[in-house]
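Because the structure is predicted, anything quoted here is derived from the model rather than measured. In what follows, every heavy atom counts, from backbone to side chain, and hydrogens, waters and symmetry copies are set aside.
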Amino acid sequence: MHKPSKILLVSAGLFGLIGAFMGSHMAGAGDYAMRPIHAHVLVVGWLTLFSWSVYYKVFVNKYSVLEKVHVWSAIIGAFGLTIGMYMNNVLSSTTFSLMLYIVGGSVLLLSFIVFFIQTILYKSIENKNEA
């Protein structure tokens, strides 16, 4: 099994590539209709997943269940939110696209909550008395 930092890093790289492609396409076409989706791809997908990748590389967590829930809810939520947002805003608004948008955003919110819980429960390996 891959480490959480590697899984998040590869996912962040994919989002960065998609976001850069979207930005270059918008600039070349002179059509900025996808600007909100482009922003979410880069902020939620690239920046957030990358920062969480660094967190898992720097800090060692003892809560593997929370770690797994966080990593996979982050990835699934980021993809669901951005794909749903794209489908809802650019293609056409359907019940499916709206549900993907809402469920993706809700799953991503869950990942932020789980990450926050992990930061509260974190205890340094070097100092076992740390609160």
*Asks:* Name the atoms and distances for all side-chain donor-acceptor pairs under 3.5 Å in residues 7-16, with sequence neighbours left out.
*Replies:*
from: S11; atom 1: OG; to: I7; atom 2: O; distance (Å): 3.0

*Asks:* Looking at residues at least two apart in the chain, or sitting in another chain, which of them share a ring-ring contact (aromatic ring centres under 6.0 Å, His included) with F59?
*Replies:*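 Partners of F59 by the ring-ring contact (aromatic ring centres under 6.0 Å, His included) criterion, ordered by chain and then number, come out as Y55, Y122.
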*Asks:* If the condition is side-chain hydrogen bond (donor to acceptor under 3.5 Å, both in side chains), which residues does T94 pass it with, not counting sequence neighbours?
*Replies:*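 With sequence neighbours excluded, T94 shows a side-chain hydrogen bond (donor to acceptor under 3.5 Å, both in side chains) to S97, given in chain and number order.
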*Asks:* Among all residues two or more places apart in sequence or in another chain, which pass the side-chain contact (heavy atoms from CB on, under 4.5 Å) test with V107?
*Replies:*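 With neighbours one apart ignored, the set is S73, I76, V103.
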*Asks:* Working to the nearest 0.5 angstrom, can you tell me the gap between L91 CG and I83 CD1?
*Replies:*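 L91 atom CG to I83 atom CD1 measures 11.0 Å (nearest 0.5 Å).
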*Asks:* Report the distance from atom CG of L100 to atom CE of M85, rounding to the nearest 0.5 Å.
*Replies:*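 L100 CG to M85 CE: 11.5 Å, rounded to 0.5 Å.
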*Asks:* Taking only residues at least two apart or on different chains, which pairs with a member in residues 83-111 satisfy ring-ring contact (aromatic ring centres under 6.0 Å, His included)?
*Replies:*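 Counting only pairs at least two positions apart or across chains, no ring-ring contact (aromatic ring centres under 6.0 Å, His included) contact touches residues 83-111.
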*Asks:* What pairs with S93 under side-chain hydrogen bond (donor to acceptor under 3.5 Å, both in side chains), at least two apart in sequence or on another chain?
*Replies:*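 Residues passing side-chain hydrogen bond (donor to acceptor under 3.5 Å, both in side chains) with S93: N88.
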*Asks:* Please output the side-chain donor-acceptor pairs of residues 25-45 that fall under 3.5 Å, not counting sequence neighbours, one pair per line with the distance.
*Replies:*
from: D31; atom 1: OD1; to: A33; atom 2: N; distance (Å): 3.2
from: H38; atom 1: ND1; to: G19; atom 2: O; distance (Å): 3.0
from: H40; atom 1: ND1; to: P36; atom 2: O; distance (Å): 2.9

*Asks:* Counting N and O atoms only, with roles assigned by atom type, does the side chain of S53 sit under 3.5 Å from a partner on the main chain of S5, one being a donor and the other an acceptor?
*Replies:*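 Confirmed, S53 side chain pairs with S5 backbone.
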*Asks:* Check for me, please, whether W46 and F21 land in the same ILVMFWY cluster - side-chain distances under 4.5 Å, paths through other members count.
*Replies:*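 No, because W46 and F21 fall into different hydrophobic clusters, even though each may have its own neighbours under 4.5 Å.
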*Asks:* How would you list, by chain and number, every residue that makes a side-chain contact (heavy atoms from CB on, under 4.5 Å) with I117, sequence neighbours excluded?
*Replies:*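 So I117 forms a side-chain contact (heavy atoms from CB on, under 4.5 Å) with L66, I113, L121.
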*Asks:* What heavy-atom pair brings E67 and P4 nearest, and what distance separates the two atoms?
*Replies:*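 Scanning both residues, the minimum pair turns out to be OE2-CG, 3.3 Å.
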*Asks:* Please enumerate all residues that pass side-chain contact (heavy atoms from CB on, under 4.5 Å) together with L17, with sequence neighbours excluded.
*Replies:*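 side-chain contact (heavy atoms from CB on, under 4.5 Å) list for L17, sorted by chain: empty.
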*Asks:* What pairs with Q118 under side-chain hydrogen bond (donor to acceptor under 3.5 Å, both in side chains), at least two apart in sequence or on another chain?
*Replies:*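 By the side-chain hydrogen bond (donor to acceptor under 3.5 Å, both in side chains) rule, Q118 matches Y56.
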